[in-house]
There are 2 protein chains.
Amino acid sequence: MFFKQFTVPGMGCLSYLIGCPKAGVACVVDPKRDVDDYIKVARENNLKITHIFETHVHADHISGNMELQSRTGAEICMGTGTPATFAFKPVAEGDIFEFGSVKLEALSTPGHTPNSISLLVTDTARNDKPWMILTGDCMFVGDVGRPDLAGKEMIHEQAENLYDSLFNKLTRLPESIEIFPAHGEGSLCGKGMSSKSSSTVGYEKDSNPIFKLSKEEFLLSMTGSFPDRPKSFTHIITTNKSGVPLLDRCPVVRDLSPLQVKKELDRGVIVLDTRDTASFGGVHIPGSINIGFAKQTANWIGMVIEPDAELILVVTGAEAYSEMLV
Amino acid sequence: MFFKQFTVPGMGCLSYLIGCPKAGVACVVDPKRDVDDYIKVARENNLKITHIFETHVHADHISGNMELQSRTGAEICMGTGTPATFAFKPVAEGDIFEFGSVKLEALSTPGHTPNSISLLVTDTARNDKPWMILTGDCMFVGDVGRPDLAGKEMIHEQAENLYDSLFNKLTRLPESIEIFPAHGEGSLCGKGMSSKSSSTVGYEKDSNPIFKLSKEEFLLSMTGSFPDRPKSFTHIITTNKSGVPLLDRCPVVRDLSPLQVKKELDRGVIVLDTRDTASFGGVHIPGSINIGFAKQTANWIGMVIEPDAELILVVTGAEAYSEMLV
């Protein structure tokens, strides 16, 4: 089998390309918006991407599902009942998808979102038993998903669901099964994750303090405090539910003259200066906001700036600009 | 803990940067020769590289240990008795190295080479029990190391050692422990590895046909046939034992005129054309050898060209040339 984890360092997003080079087919799980990587690696390994799985509707990053579908024609698959307004194949507990020697079995693991799924992966060329599980945002390395994003009114139901998914389903799998989540360090979807991006059922059961809790303690903990929800989350969820506009439909104005910038500023446009603090300190456009492009940039932008704000970016060059787009 | 696997795709070499950002220290295990990556990632994560571990003397690729030591001052550590002529710290069974919250424990696991070690990794911030093991070339994902490289006269002793390392040591570890080897698909150090670059003790025990063998069957299989040993292996082993020359000491002549190339050819220099077959078919220097730069290039070059041959490279541009250097 072919199996590769992709990372978006600053945001802690993890996604996967899984397939069978012999059969020439593959799927992508939880695609990031910059989908070039998947297509490049798929080509290099004789893989046609036929399916796109979303373990849930993401709150922290814009999905690459539409972009990848437009480039490959792959079918988008999500948990049954997912409130998305675009066409997708609903996936229910026990549904099986085969890509040559790769078998994916869907498990319903609600709690982070009401329709979250996990995917049990078997390499039938090696063994009929599963090798690993993609846990989405249900179970992380050193943490578990947060149940509060669906809203305050659902928090108790979600915490109960999360308990069942974690304690009665995922940790009952064989201890040697590898865990590959949808997030690692840097994400705000959990409280405190390890920077290591894989683990095993056995190690997490034994090492994650959450799994030492009684059901009562778990529910109390899970209905308690969580990291602030960035301003961007609601907007991102809405966008992901309704279908993300393709990148070539996102209008971008380049090379503004000082006079043009002034005009836009007067109109209420926000200038986001992505250079380092020293450069910003040296000289900057009055009224601009400085969030240096580094780890966690996206999360900080989401905290500070309204999601529907119009932006002018100050960048150091073309390369920094294309990095911002990811 | 910080844990990152690095790959050299064409050759299947896997190496690791492991450390503790809080304590600001780290080690690199089985470094590839292009060490810029480790230094860049270490800097980004507040890690000073203080130790370099070699699980064994590599036969298939030139080590980056000298290059990395010259850039960081880190100490090189190898199994006790390793026949290297440069200074290194000998590592014996049970030796422990700490990098902040990261603990490495050495296990003696001979068989691929007589002095091979494995490293058991514990993240003491999470658990006092180990999380994963770096198995070097002893145990792979879907395969085990080949015991024949030390020479025909040692094959039976090496096969016995390999049996003990695999059956009496590594597979007796807890099933949930993750395995991170020094090689993946593309390497000639094993017979047939998975392209997935990690696994677990439990999954390998259950899925690798090797572990179904009796001791007699194992020894018979391990003293049997292996993939051809590239011409380059002896030369690489010798170079790795005696200390790899630093890259800035490797003389390179650039921009040869046709007349100069003719002169060198007459002197017995080999012209290696690394362009694709179509370009080579279009036009090429008479007498040149075409091995397109792609997956497995390094192995093919090692099969076909004597290790001490002088080379003139035909490349498509500066980028292709620097890729060849890795």
Side-chain angles (χ1 to χ4, degrees), chain A residues 1-5 7 9-10 16-22 41 44-47 101-102 121-132 141-143 171 173-180 184-186 192-209 212 294-295, chain B residues 1-5 7 9-10 16-22 41 44-47 101-102 121-132 141-143 171 173-180 184-185 192-209 211-212 294-295:
Chain A
M1 79 181 301
F2 180 91
F3 182 91
K4 189 173 163 62
Q5 183 185 58
T7 59
Y16 301 89
L17 175 64
I18 310 171
C20 176
K22 211 170 165 186
V41 176
E44 286 168 359
N45 290 279
N46 182 37
L47 297 166
S101 67
V102 176
V121 185
T122 301
D123 180 359
T124 59
R126 294 205 63 201
N127 200 321
D128 289 336
K129 295 179 219 162
W131 189 351
M132 66 208 98
V141 179
D143 201 359
T171 53
L173 294 167
E175 301 220 325
S176 63
I177 286 188
E178 286 177 90
I179 292 174
F180 288 94
E185 195 188 49
M193 298 174 209
S194 172
S195 79
K196 186 164 175 291
S197 58
S198 70
S199 189
T200 61
V201 170
Y203 186 79
E204 290 307 309
K205 262 171 80 174
D206 197 41
S207 310
N208 193 329
K212 308 279 183 245
K295 280 188 175 181
Chain B
M1 79 181 300
F2 179 91
F3 182 91
K4 188 171 164 62
Q5 183 184 60
T7 59
Y16 301 89
L17 175 65
I18 310 170
C20 175
K22 213 169 165 188
V41 176
E44 285 168 1
N45 290 279
N46 182 37
L47 297 166
S101 67
V102 176
V121 185
T122 302
D123 181 358
T124 59
R126 295 204 63 201
N127 199 320
D128 288 337
K129 294 180 220 161
W131 188 351
M132 65 206 99
V141 179
D143 200 0
T171 53
L173 294 168
E175 302 220 327
S176 63
I177 286 189
E178 286 177 271
I179 291 173
F180 288 95
E185 196 186 47
M193 299 174 209
S194 172
S195 79
K196 185 162 175 294
S197 57
S198 70
S199 188
T200 61
V201 170
Y203 185 79
E204 290 306 310
K205 262 169 81 174
D206 197 42
S207 309
N208 192 328
F211 295 117
K212 308 278 185 246
K295 279 187 175 182

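Bear in mind the structure is a predicted one, so any value in this text is a computation, not a measurement. To find a chain, count down the sequence lines: A is the first, B the second, and so on, and within it residues start at 1. Computed over heavy atoms, backbone and side chain alike; hydrogens, waters and symmetry mates excluded.
In this structure, CD in B:E175 is found 11.5 Å from CD1 in A:I177, a value given to the nearest 0.5 Å. Taken from OG in A:S176 to CG in B:D206, the straight-line distance is 7.5 Å, to the nearest 0.5 Å. Distance check: B:Y203 OH to A:T200 OG1 gives 15.0 Å after rounding to the nearest 0.5 Å.
Looking at B:S198, the atoms closer than 4.5 Å to chain A (heavy atoms on both sides) sit in the backbone and in the side chain alike. Heavy-atom distances place the backbone of A:P130, and not its side chain, under 4.5 Å from chain B. Contacts between A:S199 and chain B at a heavy-atom distance below 4.5 Å involve backbone atoms as well as side-chain atoms. Contact of A:K129 with chain B is made through backbone and side chain together, with heavy-atom distances under 4.5 Å.
Looking only at heavy-atom pairs under 4.5 Å with chain B, the residue among A:D128, A:N208, A:N127 that has the most is A:N127. For the set B:K4, B:Q5, B:K205, B:M132, the entry with the most heavy-atom pairs within less than 4.5 Å of chain A is B:M132.
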Show your working on side-chain contact (heavy atoms from CB on, under 4.5 Å) between A:V141 and B:F3 and close with a plain yes or no.
-> CA-CA 12 Å; A:V141 179; B:F3 182 91; over 6 Å; no
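Atom NZ of A:K212 has more than 12 neighbouring heavy atoms from other residues, nucleotides or ligands inside a 6.0 Å radius.
Proximity of B:K196 to A:R126: side-chain heavy atoms (C-beta onward) are nowhere separated by under 4.5 Å.
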